[in-house]
Amino acid sequence: MAAGVATWMPFARAAAVGWLPLAQKTMPKPPVDKKSRSDEILFVNVSGLRFQTWKNTLDRYPDTLLGSSEKEFFYNEETQEYFFDRDPEMFRHILNFFRTGKLHYPRHECIQAFEEELAFYGIIPEIIGDCCMEEYRDRKKENQERLAEDTEAENAGDAPLPPDATLRERLWRAFENPHTSTMALVFYYVTGFFIAVSVIANVVETVPCRPIKGSIKDLPCGEKFSVAFSCLDTACVLIFSFEYLMRLYAAPSRCDFARSVMSVIDVVAILPFYIGLVMPENEEVSGAFVTLRVFRVFRIFKFSRHSQGLRILGCTLQACASELGFLLFSLTMAVIIFATVMFYAEKGTKGTTFSSIPASFWYTIVTMTTLGYGDMVPDSIAGKIFGSICSLSGVLVIALPVPVIVSNFARIYHQNQRADKMRAQQKVRQARIRMAKKGATNAFLQHKEDGGLQDGDSDSTPLCVKNRSAFEHQHHHLLHCLEKTTNHEFTDEVTYSEVCVTDSVGFRTSRSTSLSSQQGATTTCCSRRAKRRAFRLANSTVSVSRGSVQELDTLHITKTPAGTQYPQSRSSLNARTEDLKLNCADYTAAIISIPTPPANTPDESLPNSPAIPGILRNSRSSTYNTQETVKISSL
Amino acid sequence: MGVVLGTFSVHTKQVDYRRRGSRRDKIDDELEMTMVCHRPEGLEQLEAQTNFTKRELQILYRGFKNECPSGVVNEETFKHIYAQFFPHGDASTYAHYLFNAFDTTSNGSIKFEEFVMGLSTLLRGTLRDKLEWTFHLYDINNDGYINREEMTEIVRAIYDMMGKYTYPALKGDVPKQHVDAFFQKMDKNKNGVVTLEEFIVACQEDEMMMRSMQLFENVM
């Protein structure tokens with residue numbers, strides 16, 4: 001029901017008395033109103049700003065938070081008021097809605113914030129009053145466009161493809177975002193080059209060249225070097241056809257692709273050639289064929305894939321379709337009117353050029369657009385008068401829709417600018433957000449390596465005496481519980497991705513200095529002994545975790561260059577279950593001392609100084625060191 | 001082109017011309033409404049005249065003033081409000097009769113006093129008051145008699161509020177049957193009209209109606 005009628009309900013019910021004499025049946029029992037009907041003043045405290053209002057005011061809209069019993073959840077017994085921890089400025093508007101029945105949109109507020117407040121209080125934004133509705137709609141549309149750009153930029157495929165993308169997906173990606181791979185870029189530039197060549201060839205072949213020996217007439221270059229030009233044309237068409245077929249193959253939805261504007265342009269660009277191949281050497285048909293060659297000029301539109309400005313222009317024209325339509329329509333009307341007038345005005349003149357009304361169309365158009373070729377000129381006085389009126393009105397008619405088109409172009413252009421800027425900044429933003437997120441996980445891993453998770457070891461870890469909030473304590477405890485539950489440990493992204501690389505390496509025992517082979521060696525050793533070791537390093541700041549099939553666990557090692565190289569252990573990320581069993585059986589709380597001979601070294605490299613901060617350091621030096629004792633504990 | 005534009009503007013002006021006439025009335029109406037800010041008599045006086053307590057009058061007035069800041073309700077607003085309660089059908093006809101029943105001074109608008117008096121009669125009045133009020137509601141031309149046409153109007157207005165989708169479906173002669181039943185019950189001397197006394201007597205004899213009357217005691 002519409003707002004505000006709650007106050008009239010008693011009246012409507014009272015008026016029902018008027019039906020009673022007519023009623024043929026007894027009236028049903030009325031609902032019993034348990035709560036007291038007397039009005040009272042309610043106190044509403046919104047973040048410290050105290051509002052007071054009649055209870056009836058809030059009851060007017062029973063399907064909102066304030067009007068229903070939902071507000072009882074926010075009732076504070078001690079202070080006898082309803083407390084909401086929300087924006088007090090916004091609440092003013094909400095309360096005014098209850099009071100006056102009209103919801104206004106405050107112009108200086110962010111539209112998202114406003115909508116969130118409305119959603120919280122259970123008010124639908126559609127009841128915003130007419131005075132503010134337009135502003136609200138405009139801002140909302142703007143916001144949505146901006147958000148759409150954001151998500152588009154995110155999905156724009158700058159993110160790396162998943163490793164299991166099919167050839168089709170990869171191909172499509174290459175076509176849509178040429179800068180993702182070198183091959184795509186090469187292809188992009190090659191097609192661009194050939195488009196240019198094709199267009200220039202079309203142009204040049206009509207230029208008159210010097211005539212061949214023996215004739216005086218100038219020949220167009222196309223006929224002089226007909227072989228060369230036809231070769232060029234064939235080559236270009238072949239490339240375009242190939243490109244089109246590749247796109248068609250790679251497109252995720254072939255129907256949609258076939259219907260898109262760009263594909264239509266592609267087809268139109270190469271069609272004349274194929275039609276020419278198919279058509280017989282017939283005199284009458286070849287005339288039509290010649291006109292078909294005109295369509296070759298459409299190849300120039302293929303440039304719009306290469307130029308964003310062209311795309312924007314196309315977008316603008318599309319967006320302004322109605323204005324353009326109006327322009328065309330009004331021009332047509334004006335042309336017809338003035339042509340008729342001029343024709344009849346000039347009818348009397350002898351030898352006039354205004355031979356018919358359609359002939360006068362040309363004069364009208366030329367005059368209205370202020371071209372004034374002068375091939376048709378009125379002679380009579382009436383003709384001159386109407387001619388001048390025509391030219392004056394032409395200026396007006398054309399000037400009217402143009403600002404609309406211009407403003408649309410500006411808007412779309414700026415949108416595109418903004419989208420580009422966003423995309424450029426996206427990477428930086430993502431990196432920063434990732435770092436902030438890492439901070440949280442780092443805290444836990446840092447806490448772990450500080451030894452904070454040692455059971456009953458609280459006295460021996462002075463390092464981890466750091467002021468942590470209760471929340472952090474609980475969070476760390478929670479993560480620890482999860483680790484215990486799953487038998488795996490947390491580690492960070494970098495090591496995980498690294499180990500991903502090393503995972504597939506086979507069992508080799510080389511001891512070269514290259515990183516990959518080191519890792520290969522380590523997997524050798526590790527696969528038998530150390531794949532699933534966990535090391536607690538007493539003084540080090542390295543935290544190491546067990547590999548797991550699910551989690552991002554790797555043995556994380558800080559390497560310091562020290563001349564000697566030993567294969568180090570790395571737990572493989574995708575340790576297979578037999579390894580799992582093997583490792584579990586192998587290690588039950590042993591203390592391995594290092595250094596040991598390389599063959600069976602536990603391959604744990606410890607940092608030289610315990611003061612290396614940060615557990616996430618994973619230096620990629622190719623030489624490794626192992627020294628010092630490592631305490632091994634297993635689950 | 002200027003000629004074209006000229007013809008267009010003339011055309012729109014013509015359209016405007018007709019509308020402006022009615023719009024002028026509406027503007028005047030609104031002006032009147034906003035300027036004529038009617039204030040009711042004092043609270044004590046109203047309390048004396050009606051059967052409401054001060055608190056109830058306060059609550060009623062606050063609601064009334066919120067909806068109609070100018071202090072009076074005109075027929076359009078009244079119809080609009082009443083239509084909100086009966087969205088299925090067309091409540092405007094019945095609202096019109098109701099408006100006339102409330103508008104005791106017949107000046108086209110209901111002031112707060114009239115509103116409150118009407119409510120007082122309906123909710124807190126004696127049985128006879130209520131029946132009299134109802135009689136005046138049915139007596140459209142205020143001649144003291146309810147004849148068949150008036151009754152048919154009222155009944156049709158009430159059935160209009162039901163709307164199209166009813167069960168069982170409304171047939172054309174249902175209002176007529178209803179009116180016949182009414183007259184059978186009320187018109188004692190069978191002279192085709194119902195007077196106030198006939199009406200009151202007949203209603204008091206109708207037990208069902210008396211029971212229903214009591215149900216409406218606690219609306220406020």
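Letters go in sequence order (proteins before strands), and every chain restarts at 1. These numbers come from the heavy atoms of this one structure, side chains and all, not from hydrogens, waters or symmetry mates.
- Contact of B:F86 with chain A is made through the side chain alone, with heavy-atom distances under 4.5 Å.
- The contact between A:W19 and chain B is made by backbone and side chain atoms together, counting heavy-atom distances below 4.5 Å.
- Ring planes of B:F102 and B:F78: tilted class, angle from 30 to 60°.
- Proximity to chain A is absent for every atom of B:L131, based on heavy atoms less than 4.5 angstrom apart.
- Only the side chain of B:M161 comes within less than 4.5 Å of a heavy atom of chain A; its backbone N, CA, C and O stay farther away.
- Residues A:Y82 and A:E72 bring a donor and an acceptor atom of their side chains to less than 3.5 Å of each other.
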### Task
Test salt bridge (Lys or Arg N to Asp or Glu O under 4.0 Å) on B:D103 and B:K111 and set out the steps.
CA-CA 8 Å; B:D103 185 13; B:K111 302 194 293 286; over 6 Å; no
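- The 12-atom threshold is not exceeded at CG of A:D130, counting heavy atoms of other residues, nucleotides or ligands nearer than 6.0 Å.
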